[in-house]
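One is the number of the first residue; the rest follow in order along the sequence. Just so we're clear, the structure is a prediction, and the values are computed from it rather than from any experiment.
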Amino acid sequence: VYSEKEAVDFDGVEFTVTKTENLYVKTNDTAQGEGFSKNPLYKITYTVENKGSEEITYEPSHRAVAGAAGARLFSSAEGAHKRVQFGPTTTPEGQMEGKQPVAAGKKVTDFVLFEMPSEEVSSLTFEFPASLFERKGIARVLLSYSFKKPELPKELQKKDEKKEEEKKDK
């Protein structure tokens with residue numbers, strides 16, 4: 001088991017969890033435009049670095065169908081944490097889609113989203129299948145966690161304040 005910021009080597013490809021945070025995720029919807037996730041989410045940012053001499057393909061699998069390999073998150077307090085996936089027209093800002101070539105000596109940065117763990121959780125185990133970057137095995141990373149409710153993005157605060165003012169007017 002590895003820790004955050006520690007590289008896990010899979011036959012010349014390094015997987016590293018670089019950051020974890022609770023936040024409202026900015027989204028882009030082809031029909032509704034920009035927005036945010038309804039609830040705060042737990043975001044795990046990671047890099048896949050190709051240290052080999054041949055190009056590899058990174059397949060993030062964020063829109064994975066049931067049963068497909070994908071990232072998983074567990075805690076002793078809550079068991080399996082649900083991975084958050086958006087509808088077909090919504091994309092979290094900055095998240096990769098589809099197959100991505102990773103040239104020799106290059107790296108990609110991506111993230112996966114889960115439902116935010118509760119106050120009872122102090123550590124999490126994150127599993128990421130190496131099959132998503134053409135390798136065998138699973139990266140297991142132990143993440144320390146302290147519950148912190150993120151602030152509402154400014155765009156969402158205004159809407160709530162307007163609703164409060166409307167209630168006062170009635």
Visitor: Between atom CG of Asp11 and atom CD of Glu134, what is the distance when rounded to the nearest 0.5 Å?
Guide: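 Nearest 0.5 Å value for the CG-CD distance: 11.5 Å.
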Visitor: Could you pull out the closest heavy-atom pair between Gly52 and Ala104, with the gap in Å?
Guide: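 Answer, listing the atom of Gly52 first, then Ala104: O-CB, 3.1 Å.
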Visitor: Find the distance between CG (Leu23) and OG (Ser37) and round it off to the nearest 0.5 Å.
Guide: 7.0 Å
Visitor: Evaluate the side-chain proximity of Leu113 to Phe86: yes if any heavy-atom separation is below 4.5 Å, no if none is.
Guide: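 The answer is yes, as the side chains (C-beta and beyond) meet within the 4.5 Å cut-off.
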Visitor: Determine the interplanar angle of the Phe10 and Phe133 rings, folded into 0 to 90°, and report it as parallel if under 30°, tilted if 30 to 60°, perpendicular if over 60°.
Guide: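 Taking Phe133 first and then Phe10, their aromatic rings stand perpendicular (interplane angle over 60°).
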Visitor: When you look at Asn22 and Lys149, which way does the side-chain contact (heavy atoms from CB on, under 4.5 Å) test go after all the steps?
Guide: CA-CA 7 Å; Asn22 289 335; Lys149 200 164 185 186; over 6 Å; no
Visitor: Which value, rounded to the nearest 0.5 Å, describes the distance between Glu127 atom CD and Arg140 atom CZ?
Guide: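 That separation rounds to 4.5 Å.
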Visitor: Could you tell me if the side chain of Tyr2 sits less than 4.5 Å from the side chain of Thr16, heavy atoms only?
Guide: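 Not in contact.
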Visitor: Would a single hydrophobic cluster contain both Val48 and Phe111, if residues Ile, Leu, Val, Met, Phe, Trp and Tyr are joined by side-chain heavy-atom contacts under 4.5 Å?
Guide: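 No, Phe111 and Val48 fall in different hydrophobic clusters.
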Visitor: Counting C-beta onward and ignoring hydrogens, is there a side-chain heavy-atom pair between Phe147 and Ser122 closer than 4.5 Å?
Guide: no
Visitor: If hydrophobic clusters are built from ILVMFWY residues whose side chains come within less than 4.5 Å, do Phe74 and Met116 share one?
Guide: no
Visitor: List the steps, then state whether side-chain contact (heavy atoms from CB on, under 4.5 Å) holds for Gln85 with His62.
Guide: CA-CA 7 Å; Gln85 294 167 313; His62 295 307; 5.8 Å; no
Visitor: Nearest 0.5 Å please: distance from the CE atom of Met96 over to the OG1 atom of Thr109.
Guide: 7.0 Å
Visitor: Would you mind reporting whether Val121 and Glu78 have side-chain heavy atoms less than 4.5 Å apart?
Guide: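 A side-chain contact under 4.5 Å exists here.
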Visitor: I'd like to check Arg72 versus Arg83 (side-chain heavy atoms, cut-off strictly below 4.5 Å). Are they in contact?
Guide: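 No, every pair of side-chain atoms sits at 4.5 Å or beyond.
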Visitor: Indicate whether the side chain of Thr91 and that of Asn28 have a donor and an acceptor atom separated by less than 3.5 Å.
Guide: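 Side chains of Thr91 and Asn28: no pair found under 3.5 Å.
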Visitor: Can you name the closest pair of heavy atoms from Ala31 and Asp29 and give their distance?
Guide: N-OD1, 2.7 Å
Visitor: So Tyr58 and Pro101, do their side chains get closer than 4.5 Å, heavy atoms only?
Guide: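 When only atoms from C-beta onward are counted, Tyr58 and Pro101 do not touch, as no gap falls below 4.5 Å.
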Visitor: Restricting to non-hydrogen atoms, name the atom on Gly98 and the atom on Pro60 that form the minimum distance, rounded to 0.1 Å.
Guide: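 Shortest heavy-atom separation between Gly98 and Pro60 comes out as O-CD, 3.0 Å.
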Visitor: Okay, side chain of Asp110, backbone of Gln95: is any donor-acceptor separation there less than 3.5 Å?
Guide: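 Not at all, since once roles are kept as given, no pair shorter than 3.5 Å links the two residues.
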Visitor: Classify the ring geometry between Phe128 and Phe15 as parallel (under 30°), tilted (30 to 60°) or perpendicular (over 60°).
Guide: parallel
Visitor: Can you confirm whether more than 12 heavy atoms, excluding those of Lys5, are under 6.0 Å from its NZ atom?
Guide: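 Yes, NZ of Lys5 has more than 12 neighbouring heavy atoms, counting only those of other groups under 6.0 Å.
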Visitor: Which heavy atom of Leu124 sits nearest a heavy atom of His81, and at what distance?
Guide: CD2-NE2, 3.6 Å
Visitor: Look up atom OG1 in Thr20 and atom OH in Tyr42, then write down how far apart they are to the nearest 0.5 Å.
Guide: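 Atom-to-atom, Thr20:OG1 and Tyr42:OH are 3.5 Å apart.
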Visitor: Is it true that the side chains of Tyr24 and Asn39 contain a donor and an acceptor less than 3.5 Å apart?
Guide: no
Visitor: Between the side chain of Glu155 and the main-chain N/O of Gly35, is any donor-acceptor distance below 3.5 Å?
Guide: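 Side chain of Glu155 to backbone of Gly35, a donor-acceptor pair under 3.5 Å: no, none is there.
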Visitor: Compare all side-chain heavy atoms of Tyr145 with those of Ser123 and state whether any distance is below 4.5 angstrom.
Guide: no
Visitor: Please answer: with hydrophobic residues joined when any side-chain heavy atoms are less than 4.5 Å apart, are Leu143 and Val112 in the same cluster?
Guide: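 Shared cluster, yes.
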Visitor: Could you check if a side-chain atom of Pro150 sits within less than 4.5 angstrom of a side-chain atom of Pro40, using non-hydrogen atoms only?
Guide: yes
Visitor: Is Val17 reachable from Leu73 through a run of I, L, V, M, F, W or Y residues, each pair having side-chain heavy atoms under 4.5 Å apart?
Guide: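 Same hydrophobic cluster.
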Visitor: To the nearest 0.5 Å, how far apart are OG in Ser131 and CD in Glu59?
Guide: 10.0 Å
Visitor: Using side-chain contact (heavy atoms from CB on, under 4.5 Å), reason through Lys106 and Asn50 one step at a time and then give a plain yes or no.
Guide: CA-CA 6 Å; Lys106 298 289 182 198; Asn50 183 358; 5.7 Å; no
Visitor: Under the side-chain contact (heavy atoms from CB on, under 4.5 Å) rule, what do Thr45 and Lys43 come out as? Steps first, then yes or no, please.
Guide: CA-CA 6 Å; Thr45 304; Lys43 178 181 178 181; 3.6 Å; yes
Visitor: Could you tell me whether Glu6 atom CD has more than 12 heavy atoms of other residues or ligands within 6.0 Å of it?
Guide: yes
Visitor: Which residue is it: Ile56, Val13, Thr57? I am looking for the one with a side-chain contact (heavy atoms from CB on, under 4.5 Å) to Val102.
Guide: Ile56
Visitor: If hydrophobic clusters are built from ILVMFWY residues whose side chains come within less than 4.5 Å, do Ile138 and Leu132 share one?
Guide: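 No.
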